[in-house]
Amino acid sequence: MPNRTDSGPERSSGRRGVLLVFAAFAALHAILLPLFEGADEGDNLRYIRFLAIEGRLTEPATEPTFELEELGRGHMPPLWFLSMVPLLTAVGADDWQITSTVNTEFTRTGSGADVDPFSRLKYEHGRDEESTFAGAGFDLRVLRWASIPWALLALWATWHAACRVLGSARRATWAIALIAATPQFQHLTGTVTMDVMLAAWGALALLACVEWCGGGPEKPAGMLAWAALAGAATGMAALTKLNGLVLAPACLVAALLAWRAGRGFASGALACALAFLLVAGPYYTWGFIETGHPLWSWKYQGVSPFHTSGGVPAEWNADSIAVACAKLFSTWLARPGWTAVWFPQWIGGGVFALYVVGAAAACARWRLLASIPALAIGVWLIWAWRTLGPEVAGETEASATASVAIAGAVLLFALVGLRRMKSASGEAPGGSTALFFLCIAAVLMLAAEAYFNLHFAQPQGRHLYPFLTALVVPVAYGLDRLRLLRLTVIAHVVLSVAAIPWLIVGPLRPSGWNASPVYAATDLWRAVDPSLTEERAAEAEVEWVQPRHGSAFSADEPPELVWKIDPESEYDLVLGFRPELFGRNWRPDGVVERSITSLGIAPRGSLAIPADLWASFLPGTSVYLQVVRLGEDGRATGHSTVRELVRVE
């Protein structure tokens with residue numbers, strides 16, 4: 001790493017303190033957040049479990065397939081999922097059925113006294129969460145904590161890039177504190193998500209680009225090493241999530257700036273490209289061979305019912321663009337949906353206003369007029385957010401968010417049109433070039449996010465966290481010039497502290513949130529062992545009454561199941577499509593449904609199969625049923641024999 005201007009011990013202690021405090025906040029979010037309530041945690045865990053059990057990736061496709069739709073994450077690059085397989089196996093979570101049940105009161109929006117206190121909980125919660133540090137609840141928190149090292153790596157790389165731009169280790173420490181003290185980033189790091197690994201690879205790639213194009217005088221071999229690292233880290237990012245590919249054009253910008261600085265172009269660009277191809281080439285080549293499309297994942301999302309169920313309106317206007325764009329930025333601090341923490345709009349607006357001022361001041365580093373577009377667009381976005389509000393985003397967020405691209409384009413033209421850049425006092429050598437590169441990289445990434453939302457409308461600030469360095473360092477630079485950086489960080493720290501009680505006593509943990517006597521988010525103890533399905537009289541502890549084994553029922557006459565009960569016990573009815581009832585819910589012939597988790601019914605001696613469910617089975621389908629008796633702890637204490645029923649015309 002290049003030399004820094006501040007003393008070593010002071011530099012290390014300040015940086016280490018920021019990282020430790022951040023890790024503590026992230027670990028606390030992981031502990032307090034109920035099971036599966038982190039964004040996409042259920043789908044993420046389901047695909048990790050698929051990889052652990054099946055030992056293979058899903059097959060690439062450009063048309064919907066059962067596996068890709070059922071898993072929800074099978075179309076994504078696999079690096080993070082594969083990295084989680086050993087940990088999933090180590091904690092025993094590969095035995096989970098991942099059959100968490102959706103809360104009927106759940107809603108993503110709304111506030112006030114008339115909103116049900118359970119509306120922020122997406123799932124039902126029960127026995128698994130009676131103890132935070134035991135059982136399945138603890139296992140999931142271990143998986144969540146695996147995100148923290150990646151976030152620390154992202155902050156470490158961002159610190160080094162900030163040193164190059166700010167010319168001071170002390171100011172760089174305040175720069176990473178700006179993001180480390182952001183409640184949403186802490187919360188994201190406290191969940192099972194690939195976004196944090198992508199943040200690490202993105203930060204490493206951008207750091208390498210910064211040193212490649214803006215580093216001090218080094219031998220050509222040193223420049224080639226940075227270029228190769230940029231390509232390799234970009235490749236790892238592209239193997240983690242599709243939007244990691246946005247780093248590729250950023251690498252090209254770095255090569256052009258390095259050429260402008262007299263460091264050559266061809267050798268660095270070639271080293272970068274070769275490193276990228278060696279890392280990511282095999283995976284993308286495999287997808288191309290299988291589907292004929294170079295980016296099959298992108299193509300698949302365009303036809304997947306899972307991703308297009310909300311529809312994307314063809315028409316768009318200034319209001320819809322403004323609302324969608326405002327939502328993208330309003331969720332940077334918090335409030336990405338039902339999860340994380342929520343603050344009043346004026347708090348998020350105030351923080352965003354400071355960010356806009358910082359971006360404008362960073363542009364003014366070269367020429368005052370360059371800051372005017374950033375300031376004007378920022379004011380427009382704040383106005384749109386405050387006037388239209390996130391409450392209407394559900395109606396208009398599916399429209400194009402081209403305003404992000406417009407903002408980026410205006411800034412890009414403003415910066416490209418500048419004359420020769422001059423170094424400011426206190427900057428490290430090449431700091432101006434590094435800042436220029438990060439501003440261009442930020443434009444590219446924001447434009448890519450806007451393009452994504454033109455097709456699949458889900459603008460969320462968390463999707464920008466993988467590009468922390470490009471987005472935060474220029475803002476920190478501008479705020480530092482205005483003497484506002486420390487004030488903004490302190491405000492973030494106050495909000496981070498305020499978020500913790502919100503998680504403890506707020507909408508994510510209302511009174512009785514985990515008091516259900518029957519729901520278990522992982523369904524761990526009700527997983528039916530194949531040995532229980534053998535029809536032996538000695539094991540038939542729950543006695544069937546009706547119907548008889550092998551009975552047939554038509555679509556308009558669904559069966560009613562009856563069995564003898566112990567009044568002190570609870571029961572669960574297991575329905576499967578294979579006689580051994582060993583369910584892998586990603587296989588058409590291995591689906592297992594449970595009355596408690598799938599139907600929300602804890603039967604007491606009888607259960608009428610819902611008519612719509614029975615009618616949905618194809619004629620000739622054999623359905624296998626077993627009654628499981630549950631003890632007080634939710635474990636199976638008895639079971640019936642398996643009875644086969646047949647759906648006929």
Side-chain angles (χ1 to χ4, degrees), residues 18-45 48 80-81 83-84 87-88 91 93 100 120-123 125 128-129 131-133 136-156 158 176-200 203 240-241 331-343 460-466 468 492-493 495-509 513-514 521-522:
V18 170
L19 297 181
L20 287 174
V21 171
F22 167 80
F25 273 110
L28 198 54
H29 277 269
I31 291 172
L32 295 178
L33 187 67
L35 296 187
F36 296 151
E37 294 295 343
D40 302 326
E41 279 189 325
D43 285 337
N44 291 341
L45 287 164
I48 297 170
W80 173 79
F81 297 97
S83 74
M84 293 293 290
L87 185 58
L88 183 91
V91 302
S100 46
R120 291 285 174 256
L121 291 170
K122 186 173 183 178
Y123 300 105
H125 297 274
D128 285 346
E129 296 168 88
S131 176
T132 301
F133 298 104
F138 179 69
D139 293 342
L140 181 59
R141 286 167 176 86
V142 171
L143 296 174
R144 286 173 171 173
W145 289 333
S147 296
I148 295 177
W150 293 111
L152 295 178
L153 179 58
L155 292 173
W156 176 88
T158 299
I176 65 167
L178 184 64
I179 185 61
T182 299
Q184 168 69 341
F185 186 54
Q186 296 167 3
H187 180 80
L188 185 69
T189 306
T191 65
V192 182
T193 177
M194 76 292 295
D195 286 325
V196 184
M197 175 189 272
L198 181 55
T240 305
K241 202 172 181 180
T331 60
W332 172 270
L333 182 71
R335 202 175 188 175
W338 79 95
T339 187
V341 292
W342 288 45
F343 297 118
Q460 299 179 44
R462 71 185 179 95
H463 293 158
L464 300 177
Y465 282 113
L468 294 175
H492 279 201
V493 172
L495 294 175
S496 297
V497 174
I500 301 305
W502 193 97
L503 286 169
I504 295 175
V505 299
L508 287 179
R509 295 173 73 90
W513 66 277
N514 65 343
T522 61

Mind listing the closest non-hydrogen atom pair of [X] and [Y] along with its distance?
X    : Y    : answer
A151 : F22  : CB-CE2, 3.5 Å
E129 : W513 : OE1-CZ3, 3.1 Å
A498 : P501 : O-CD, 3.3 Å
S496 : Q186 : OG-NE2, 3.0 Å
A203 : T158 : CB-OG1, 4.0 Å

If only atom types and distance count, is the side chain of [X] paired as donor or acceptor with the main-chain N or O of [Y] below 3.5 Å?
X    : Y    : result
T193 : T189 : no
R144 : L140 : no
S147 : T191 : yes
E41  : V192 : yes

Atom [atom1] of [X] and atom [atom2] of [Y]: how far apart are they, to the nearest 0.5 Å?
X    : Y    : atom1 : atom2 : result
W150 : M194 : CH2   : CE    : 13.5 Å
N44  : L88  : CG    : CG    : 11.5 Å
I48  : L87  : CD1   : CG    : 8.5 Å
I31  : F133 : CD1   : CZ    : 4.0 Å

Pairwise side-chain contact, [X] with [Y], heavy-atom cut-off 4.5 Å (strictly under):
X    : Y    : answer
L468 : F185 : yes
L45  : F36  : yes
F138 : V91  : no
L32  : I504 : yes
V18  : L155 : no
K241 : W80  : no
F25  : I500 : yes
I148 : V196 : no

**OP:** Please lay out, stage by stage, how L153 and W156 fare under the test side chain to side chain contact (heavy atoms under 4.5 Å, CB included).
**Re:** CA-CA 5 Å; L153 179 58; W156 176 88; 4.1 Å; yes
Original post:
Angle class for the H29/H187 ring planes (parallel below 30°, perpendicular above 60°, tilted otherwise)?
Top reply: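 Aromatic pair H29/H187 classed perpendicular.
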**OP:** Evaluate the criterion salt bridge (charged side-chain N to carboxylate O under 4.0 Å, His left out) for residue pair E37 and R120; output intermediate values, then yes/no.
**Re:** CA-CA 9 Å; E37 294 295 343; R120 291 285 174 256; over 6 Å; no
**OP:** Determine, stepwise, if the pair L35 / R141 fulfils side chain to side chain contact (heavy atoms under 4.5 Å, CB included).
**Re:** CA-CA 8 Å; L35 296 187; R141 286 167 176 86; 3.7 Å; yes
